[in-house]
Every structure is written in C-alpha cells, then in structure tokens.
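This structure is in structure tokens; I'll ask about it shortly.
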Amino acid sequence: MSEQAKGISLFRTHNAGELRMGEAGHEVVLSGWVQRRRDLGGLIFIDLRDRSGFVQVVFNPDHSSPEVMALGDKLRNEYVLSVKGKVIAREPGTVNAKIPTGEIEVQAMQAEILNAAKNPPFYIQDNVDVDEMVRLKYRYLDLRRSEMQQTFILRHKAVQFIRSFLDRNEFLDIETPMLTKSTPEGARDYLVPSRMHPGEFYALPQSPQLFKQLLMVSGFERYYQVARCFRDEDLRADRQPEFTQVDIEMSFMPLQEFHDLMEEMMAALFKETLGADIPRPFQRLTYKEAMDRYGSDKPDVRFGLELKNISEIAATSAFKVFASTVENGGVVKGINAKGCASYSRKQIDELEAFAKRYGAKGLAWMAFTEEGLKSPIGKFLNEDEIESIKRMMEAETGDLLLFVADKEKVANDALGNLRLKLGKDLDLIAEGSFRFLWVTEFPLLGYDEEAGRWVAEHHPFTMPMWEDIDKLESDPVSVRAQAYDMVLNGYEIGGGSMRIFQRDIQEKMFKALGFTMEEAYDKFGFLLDAFEYGAPPHGGIAFGLDRIIMIMAGRQSLRDTIAFPKTQSASDPMTQAPSEVSARQLEDLHIRLGQDVETVTGKE
RNA sequence: GCGGAAGUAGCUCAGCGGUAGAGCAUCGCCUUGUCAAGGCGAGGGCCGCGGGUUCGAUCCCCGUCUUCCGCUCCA
C-alpha cells in the first residue's frame with residue numbers, strides 16, 4: 001500500500017471537473033495533478049486537474065492546518081495530489097465565470113503528495129504552440145492536455161457507437177492476422193523476417209482485404225473489425241504508416257442497400273457523438289463528374305468554385321498554348337476566383353507557382369476589372385471569344401479567371417488543388433459543417449507507365465459494372481468498377497467495392513491485368529481456391545477511423561487522433577523506434593545488412 | 001528521390017560579421033482572494049552538427065542531420 005493509505009485512505013469521491021453548486025457543503029476527496037499553483041503568501045490556490053477537468057483548491061490557514069499549509073507550499077506543477085476538503089460556494093466577487101467549476105472551490109482540510117514531478121518541458125494546457133518533436137518525445141505529457149483527452153474520448157465514443165451499430169445489424173467482430181503474406185499489388189509492405197524460414201518474410205497487412213473476403217466464403221455473412229493497417233509509404237498530415245480502419249464486409253446485399261446502411265451508420269454516428277444533423281441520402285457523384293467539376297476524386301463540396309471546361313473555345317482561339325493543347329488531346333479548364341480581379345501581380349504569380357507544384361506549365365488568367373479586361377492572353381482572344389469565356393465561366397466584373405491548359409489529369413490536379421487553396425484563402429468554407437458524398441463508378445483499371453501494364457485502381461477483385469464487362473478486353477480504360485468512396489469535407493474517409501465472386505469474371509480481370517492464371521495462382525491462389533467452393537456475392541468498405549476522428553474533432557493532423565503516432569519519417573521520438581538491433585538478432589533472422597548501412601553497434 | 005519552411009535558454013521566439021537577448025517556465029525572497037495572480041532578485045546557451053571564407057562566424061558559403069508542409073508514392 002502506498003503512503004497515501006496512511007493519510008487520506010481514499011483516492012477519490014468525486015471528479016474534480018464535475019463539482020458544481022450542488023456539492024456545496026459536501027466533503028469530497030479529489031485526486032489528480034497540479035495544473036497550476038498561485039501562491040499569495042498566506043493563501044495558496046491550486047488548480048487540481050483530473051480527466052474530468054479541474055477545480056480550484058484553496059489552502060487557507062483559517063481552515064487548513066499548518067501541516068496542510070506546509071504541504072501546499074511544496075506543491076509544484078504536475079505533482080500528483082490527493083486532497084480531502086469541503087466544497088463551498090465562492091464569495092460573490094471571487095466567482096470565475098470562465099470555468100465550469102468557477103462557482104465553487106474546495107477548502108483543503110487534508111492533503112497528500114502522492115508523487116512529485118519534474119518541471120515539464122512544456123505547459124500542460126490547450127492551444128500550446130510547441131514543436132511536434134517535443135510533443136512526441138514527451139507524448140505522455142502531451143496527452144495530458146485537455147484537448148488531446150477530449151479527442152481520445154471522442155474517438156472512444158465513436159468506436160463504441162460503431163461497434164454497437166454494427167452489432168445491432170448482425171455484424172461479427174472477427175480478428176485477422178497481423179503476420180501475413182506479402183501481396184504484389186498496392187502499397188509497399190512492412191516486412192517481418194521469418195526466423196523459422198530463412199530468407200522468407202511475412203508482411204504486415206495493408207488491410208484485411210483478402211481475409212474478409214474469405215470470411216464471406218466461410219459464411220459469416222456480415223463481418224467487421226477495427227483493424228490496424230500498415231503501409232510503408234511517404235507520410236502526410238493525413239497519413240500515418242500505421243492506421244486504423246473500420247473494416248466491413250457483407251454478403252447477399254445489393255449495393256444500394258449497403259450504401260444506405262453505411263450512410264445510416266455515419267449519420268447516426270455524427271448525431272450521437274457531435275449532435276450534428278447529417279442530411280440523407282448523401283449526395284452522389286460519379287468519378288467522372290467529380291473530376292470534371294472539382295478536379296478531384298474526393299471533392300470538398302462545402303463550396304462552389306467549380307472547374308469549367310473551355311476547350312471548345314480554346315481550340316479555335318489564336319492563343320497557341322490553348323489551341324495546341326486541345327489539338328494534342330489536352331484540355332483547357334478554368335476556375336472563377338470570385339472577386340479576385342484586384343489580385344496583384346505578385347499574388348497571381350504565387351497562384352501560378354502553386355499550380356506548377358501539381359505539374360501545370362503555367363497559369364493563364366483574365367481579370368475583369370472596373371477598367372475592363374486585364375490579361376496577358378487578352379490580345380490573343382477576340383471579343384466573341386472573351387464573351388463566350390466570360391459567359392461559360394459565369395464571370396462578372398471583379399472576377400479573376402484562372403486557366404490551365406494541359407493533359408486532363410494535370411489540369412484537374414492543378415485546378416482542383418487551386419480550388420481548395422482559394423476556398424481556404426477566400427474563407428468560403430463554413431467551419432463545423434459536414435458534407436458527405438459518395439463518389440461512384442471509379443475506373444476499374446489504370447495504366448501503369450512504369451510497369452507497362454494495366455493495374456487495378458482499387459484491387460484485382462473489384463467487380464466491374466455489369467454493363468462494362470464486355471469492354472474488359474476491347475476498351476479497358478472505359479470499364480467502370482462497382483467501387484465507391486465515401487468523402488467528407490474533401491477527405492476520402494472510406495472506400496470499397498462489390499467483389500468479383502464468379503470464376504469467369506475473375507479470369508477476365510486477371511487477363512486484363514496481364515496475369516496468366518499461373519501467375520494469379522502464385523499470388524492469390526488461396527483466395528481463388530476458396531472461391532471454387534461457393535463464394536457468395538459480397539462487398540464491403542473500409543473507413544479510415546483516424547481520419548474520421550480528425551475531421552470530427554476539427555484537427556488538422558492525423559497525429560492528433562493517434563495516441564502514439566510517428567513523425568513524417570515514420571520514427572517515434574519517444575521510443576526511438578526504429579532502432580538498430582543486435583548482431584545476434586539479425587543472425588537469428590538470417591539477415592545481413594547492406595554495405596550502405598553503417599556497421600551495427602554491438603548490443604548483445 | 002524532389003521542392004518549400006524551420007532548427008538560438010526547459011518552451012515560444014527576437015537578434016546580428018565583433019563571444020547572446022525577451023516573454024513564459026525554473027530557483028530564492030516578499031505577498032490573504034488569485035484563477036495566464038503580482039513584486040524584487042538569481043541561475044540557465046557547443047546559436048542542430050561538420051567543413052570553408054574571414055583578423056574574427058550564431059550571422060556569409062558548402063555539406064549534413066532532424067522536424068513540419070507539399071510533390072513522387074499511398075490497389
């Protein structure tokens with residue numbers, strides 16, 4: 001038993017942050033951390049924090065013994081403290097309306113320091129501007145901050161809700177292996193060397209994709225898992241090497257019904273946890289429409305600024321860049337930056353530099369000012385053309401039109417991102433609003449220039465749209481998949497598909513991917529075998545839990561929704577992972593380091 | 001692999017070719033109604049690391065490492 005037992009003998013009767021006028025007059029025991037100490041000499045105030053919040057504890061000689069006063073004097077930030085005291089209503093002039101517990105305070109009658117604490121490297125408080133590196137190194141302290149705790153409480157509630165929703169709908173939580181087989185398609189695998197099998201490796205799962213399909217073959221019919229996934233690719237603010245999916249798969253349900261169910265889950269989740277009303281059914285856009293109008297397969301539809309295609313006018317114009325781009329199969333698209341005609345040359349140059357990051361060769365512009373058209377390309381366009389463009393772009397005086405002439409992919413990418421930037425810069429996005437949509441009819445295949453062959457855009461078991469199956473051979477690029485993403489505020493929060501469950505279609509798919517059946521068997525033999533034994537029609541989706549929580553919590557970085565995340569170079573400043581291992585460990589694993597790796601320092 | 005930004009006290013930052021500063025934090029003293037308490041005082045620095053230029057470099061140049069944002073990548 002700790003020293004504590006000798007003193008107060010009880011850690012807690014109430015949560016500090018939940019005390020209100022209702023408890024006035026009650027004797028309480030609180031335990032937590034010293035948030036802050038205000039020493040007025042004869043009088044000491046302590047903000048005592050626990051998970052629920054904090055309350056002011058007063059050390060006052062009028063009601064605290066000399067021993068208790070002496071203890072109050074010793075307290076420092078982040079000391080762990082147990083206090084027994086009386087809750088009293090504060091004197092009228094001393095009420096603090098800024099905090100939930102501001103109407104009361106606790107008079108310390110007994111107190112005990114359960115643990116001292118070193119001076120923390122940064123303040124444990126919200127909205128601190130501390131370097132991420134420092135926060136991650138002392139993650140356990142960072143996680144003490146209220147806003148971090150709120151995020152993880154939200155995350156917990158969200159997961160609880162999802163689990164119970166899926167349970168009510170007869171989904172079974174089934175775990176799948178973390179040590180599994182490396183598969184050729186997709187992201188780079190994290191590999192785990194095998195000790196028992198020299199020269200062979202497991203892969204950590206990029207997702208439980210194949211296993212959940214096998215569970216459908218097994219007849220579980222409805223499966224879900226809150227599953228950790230691993231991808232060894234470059235990180236971003238919204239991408240971690242290790243992340244969590246809510247992975248769902250089900251049999252015998254038509255696409256539309258499945259989408260309805262998933263919508264219901266998300267809408268109810270947001271209602272339950274945030275009180276947000278999400279209109280249903282969700283908006284739907286085909287992939288093509290999303291690309292045409294927003295230049296993105298995950299459009300943020302909280303604002304307009306849609307892309308317009310002016311290729312037709314551009315094709316016949318005297319502006320060579322426009323005309324030749326269209327002639328060579330490219331497009332000319334633009335967006336209307338409403339009210340930006342007054343942008344300075346410097347501002348426009350910055351927009352151009354931004355567009356160039358996404359491969360655009362330049363950014364043509366037309367500003368309709370009070371004094372008339374200002375544009376470097378104006379002299380190449382006749383009045384009719386200018387009028388047509390103006391009409392097509394829905395431009396008025398005061399607007400700035402921005403154009404990219406390039407291959408369709410580049411134009412969409414550059415303008416799509418420019419649109420997002422302008423949306424932010426021009427403050428067009430209503431904070432706290434949630435706009436869900438489905439993006440459907442993704443292309444089934446994409447051509448991989450490097451590999452010189454067609455690759456599955458989603459994965460090789462994605463069902464083509466029935467009406468496109470015949471084109472698998474003749475016109476692979478135009479084959480659409482029964483694949484879909486759920487998009488929220490410009491983030492892809494989930495993606496999935498209906499799966500191929502019939503042998504002949506699967507063979508056609510592999511053929512389109514340039515695999516022989518032998519090669520296909522080598523890579524996915526176990527799944528193909530399984531499918532010979534009566535695979536039901538099935539499909540599913542995987543939601544990016546971390547990302548959903550990030551949006552729900554209004555955070556900008558995925559790292560704020562993962563308790564122990566990694567830096568951009570996939571390392572952990574706290575544990576120092578990854579790290580070197582001993583020569584002995586490597587030997588057991590039959591691994592010799594390459595010559596480009598500095599000698600491992602012996603750690604036997 | 002590439003582009004951009006950053007690295008100076010525990011934290012957040014300023015500085016500048018002549019050996020370093022602020023706010024907060026810490027420590028000491030004072031302080032009975034504070035709640036970002038206040039007052040006085042003190043300690044605290046390989047100016048990320050390695051080279052170069054210079055009489056002299058935290059500052060200029062080159063390289064390198066780390067972090068953040070983005071590109072490539074992420075079925």
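Below, read A as the first sequence line, B as the second, and so on, with proteins coming before strands; counting in each chain starts at 1.
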> Does the side chain of A:Gln56 pick up a donor-acceptor pair with the side chain of A:Arg38 at under 3.5 Å?
Replying inline: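 On atom types as modelled, these side chains qualify, holding a pair under 3.5 Å.
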>> Can you measure A:Gln56 atom CD to B:A37 atom P for me and round it to whole angstrom units?
In response: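 Checked: the CD to P distance equals 11 Å.
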> Is the count of non-hydrogen atoms from other residues, nucleotides or ligands lying under 6.0 Å from A:Tyr521 atom OH greater than 12?
Replying inline: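 Yes.
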>> Distance check, C1' atoms only: B:G15 and B:C59, in whole angstrom units.
In response: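 Taking atom C1' in both B:G15 and B:C59, they lie 9 Å apart.
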>> Using atom P in both nucleotides, what's the gap between B:U64 and B:G28 to the nearest angstrom?
In response: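 To the nearest whole Å, 47 Å.
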> For the residue pair A:Gln149 and A:Arg144, what are the closest heavy atoms and their distance?
Replying inline: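 Shortest heavy-atom separation between A:Gln149 and A:Arg144 comes out as NE2-CA, 3.8 Å.
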>> Can you measure A:Gln125 atom CD to B:U12 atom P for me and round it to whole angstrom units?
In response: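 From A:Gln125 CD to B:U12 P: 13 Å.
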> Taking a pair as Watson-Crick or G-U wobble with both distances under 3.5 Å, which nucleotide is matched to B:G3?
Replying inline: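 B:C69 is the nucleotide pairing with B:G3.
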> B:A57 and B:C29: how far apart are their C1' atoms, nearest whole angstrom?
Replying inline: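 That atom pair is separated by 41 Å.
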>> Is there aromatic stacking of A:Phe45 on B:U34 here, judged by a ring-centre distance under 5.5 Å and a plane angle under 30°?
In response: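 Per 5.5 Å and 30° rule: yes, stacked.
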> Is there a side-chain polar atom (N or O) of A:Thr94 under 4.0 Å from OP1 or OP2 of B:U34?
Replying inline: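 Checking A:Thr94 against B:U34: no side-chain N or O falls below 4.0 Å of OP1 or OP2.
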> Looking at the side chain of A:Ala237, which of B:U67, B:C69, B:G10 is the nearest nucleotide?
Replying inline: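 Closest nucleotide to the A:Ala237 side chain: B:C69.
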> If you draw a 6.0 Å radius around CD in A:Glu473, do more than 12 non-hydrogen atoms from other residues or ligands fall strictly inside?
Replying inline: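 No, CD of A:Glu473 has 12 or fewer neighbouring heavy atoms, counting only those of other groups under 6.0 Å.
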> A:His259 and A:Tyr484: aromatic ring centres closer than 6.0 Å?
Replying inline: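 Centroid distance A:His259-A:Tyr484: below 6.0 Å, so yes.
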>> Which nucleotide wins on minimum distance to the side chain of A:Leu40, given the candidates B:U32, B:C74, B:G10?
In response: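 Comparing B:U32, B:C74, B:G10 against the side chain of A:Leu40, the answer is B:U32.
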> Expressed in angstrom and rounded to an integer, what is the separation of A:Arg236 atom CZ from B:G4 atom P?
Replying inline: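 For the pair A:Arg236 CZ and B:G4 P, the rounded distance is 16 Å.
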For residues 63-73 of chain A, which side-chain donor-acceptor pairs fall under 3.5 Å, sequence neighbours excluded?
from: A:His63; atom 1: ND1; to: A:Gln107; atom 2: NE2; distance (Å): 3.3
from: A:His63; atom 1: NE2; to: A:Val58; atom 2: O; distance (Å): 3.4
from: A:Ser64; atom 1: OG; to: A:Asn60; atom 2: N; distance (Å): 3.3
from: A:Ser64; atom 1: OG; to: A:Asn60; atom 2: O; distance (Å): 3.2
from: A:Ser64; atom 1: OG; to: A:Ala108; atom 2: O; distance (Å): 2.6
from: A:Ser65; atom 1: OG; to: A:Glu67; atom 2: OE1; distance (Å): 3.3
from: A:Ser65; atom 1: OG; to: A:Val68; atom 2: N; distance (Å): 3.2

> Under 4.0 Å between a side-chain N or O of A:Ser571 and OP1 or OP2 of B:U67?
Replying inline: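 Answer yes for this pair, as a side-chain N or O of A:Ser571 is under 4.0 Å from OP1 or OP2.
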>> Using a 4.0 Å heavy-atom cut-off, does A:Asp39 contact any base of the nucleic acid, only the sugar-phosphate backbone, or nothing at all?
In response: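 A:Asp39: base contact, heavy atoms under 4.0 Å.
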>> I'd like the C1' distance from B:C16 over to B:C11, given in whole Å.
In response: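 Approximately 23 Å lies between the C1' atom of B:C11 and that of B:C16.
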>> Counting the atoms with a prime plus P, OP1 and OP2 as sugar-phosphate, which does A:Pro573 contact under 4.0 Å by heavy atoms, base, sugar-phosphate, or nothing?
In response: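 Nothing, no heavy atom under 4.0 Å.
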>> Can you measure A:Lys409 atom NZ to B:C71 atom C1' for me and round it to whole angstrom units?
In response: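 Roughly 11 Å, once rounded to whole Å.
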> With distance as the sole criterion, do the side chain of A:Asp234 and the base of B:U72 form a donor-acceptor contact below 3.5 Å?
Replying inline: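 Present.
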>> For the CZ atom on A:Arg453, are there more than 12 heavy atoms of other groups (residues, nucleotides or ligands in this structure) within a distance under 6.0 Å?
In response: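 Yes, the 6.0 Å shell around CZ holds more than 12 heavy atoms from other groups.
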>> Can you see if the side chain of A:Lys98 gets near the phosphate of B:A36 - specifically, an N or O under 4.0 Å from OP1 or OP2?
In response: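 So the side chain of A:Lys98 is within the cut-off, an N or O lying under 4.0 Å from OP1 or OP2 of B:A36.
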> Should B:U58 form a Watson-Crick or G-U wobble pair with both distances under 3.5 Å, which nucleotide is its partner?
Replying inline: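 Base partner found: none.
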>> In whole Å, measure the gap between the C1' atoms of B:G70 and B:G10 for me.
In response: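 Looking at atom C1' only, B:G70 and B:G10 are 31 Å apart.
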> Mind checking the P distance from B:G17 to B:C69? Whole angstroms is fine.
Replying inline: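 One P to the other, the span is 33 Å.
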> Can you tell me the Watson-Crick or wobble partner of B:U32, both distances under 3.5 angstrom?
Replying inline: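 Pairing partner, where one exists within any strand: none, as none qualifies.
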> Counting only Watson-Crick or G-U wobble pairs whose two distances fall under 3.5 Å, which nucleotide matches B:C16?
Replying inline: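 Partner of B:C16: none found under 3.5 Å.
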> What is the distance from CG of A:Asp413 to C1' of B:U72, rounded to the nearest Å?
Replying inline: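 That distance rounds to 12 Å.
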> Taking the same atom, P, in B:C27 and in B:A37, what whole-Å distance lies between them?
Replying inline: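 Comparing P positions in B:C27 and B:A37 gives a spacing of 14 Å.
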> Taking all atoms of both residues into account, what is the closest heavy-atom pair of A:Leu472 and A:Ala512, and its distance?
Replying inline: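 For A:Leu472 and A:Ala512, the tightest heavy-atom pair comes out as CD2-CB, 3.9 Å.
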> On a whole-Å scale, what distance lies between the C1' atoms belonging to B:A25 and B:A42?
Replying inline: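 Those two atoms are separated by 14 Å.
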> Given B:U34, is OP1 or OP2 found less than 4.0 Å from the side-chain N or O atoms of A:Arg38?
Replying inline: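 So the side-chain polar atoms of A:Arg38 never come under 4.0 Å of the phosphate oxygens OP1 or OP2 of B:U34.
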> So which nucleotide from B:U12, B:G70, B:C68 ends up closest to the side chain of A:Asp131?
Replying inline: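 Within the option list, the nearest is B:U12.
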>> So, under a plain 3.5 Å distance rule, would you say the side chain of A:Arg239 forms a donor-acceptor pair with the base of B:C74?
In response: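 Per atom types, the contact qualifies.
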>> Under 3.5 Å for both donor-acceptor distances, Watson-Crick or wobble: does B:C27 have a partner, and if so which one?
In response: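 Base-paired to B:G41.
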>> Ignoring hydrogens and geometry beyond distance, is a side-chain donor-acceptor pair present between A:Ser497 and A:Arg499 at under 3.5 Å?
In response: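 The answer is yes; a qualifying pair exists.
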> In whole angstrom, what separates A:Arg37's CZ from B:U32's P?
Replying inline: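 Between P of B:U32 and CZ of A:Arg37: 14 Å.
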> Which nucleotide sits closest to the side chain of A:Asn60: B:U32, B:C74, B:C11?
Replying inline: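 Closest of the options to the side chain of A:Asn60: B:U32.
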Collect all protein-nucleotide pairs involving nucleotides 24-29 of chain B in which both atoms are nitrogen or oxygen and the distance is under 3.5 Å.
from: B:A25; atom 1: O2'; to: A:Asn119; atom 2: OD1; distance (Å): 3.3
from: B:A25; atom 1: O2'; to: A:Asn119; atom 2: ND2; distance (Å): 3.2
from: B:C27; atom 1: OP1; to: A:Arg76; atom 2: NE; distance (Å): 3.1

>> With a cut-off of less than 4.0 Å, is there a side-chain N or O of A:Arg135 near OP1 or OP2 of B:U67?
In response: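 Answer is no, no contact under 4.0 Å.
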>> Given B:U66, B:C35, B:U12, identify the nucleotide with an atom nearest to the side chain of A:Asp129.
In response: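 Nearest to the side chain of A:Asp129 among the choices is B:U12.
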>> Please determine whether any donor N or O and acceptor N or O are separated by less than 3.5 Å between the side chain of A:Arg559 and the base of B:C68.
In response: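 By the distance-only test, no, there is no pair.
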> Any luck finding a side-chain donor-acceptor pair between A:Tyr123 and A:Arg36 under 3.5 Å?
Replying inline: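 Yes - a donor-acceptor pair under 3.5 Å links their side chains.
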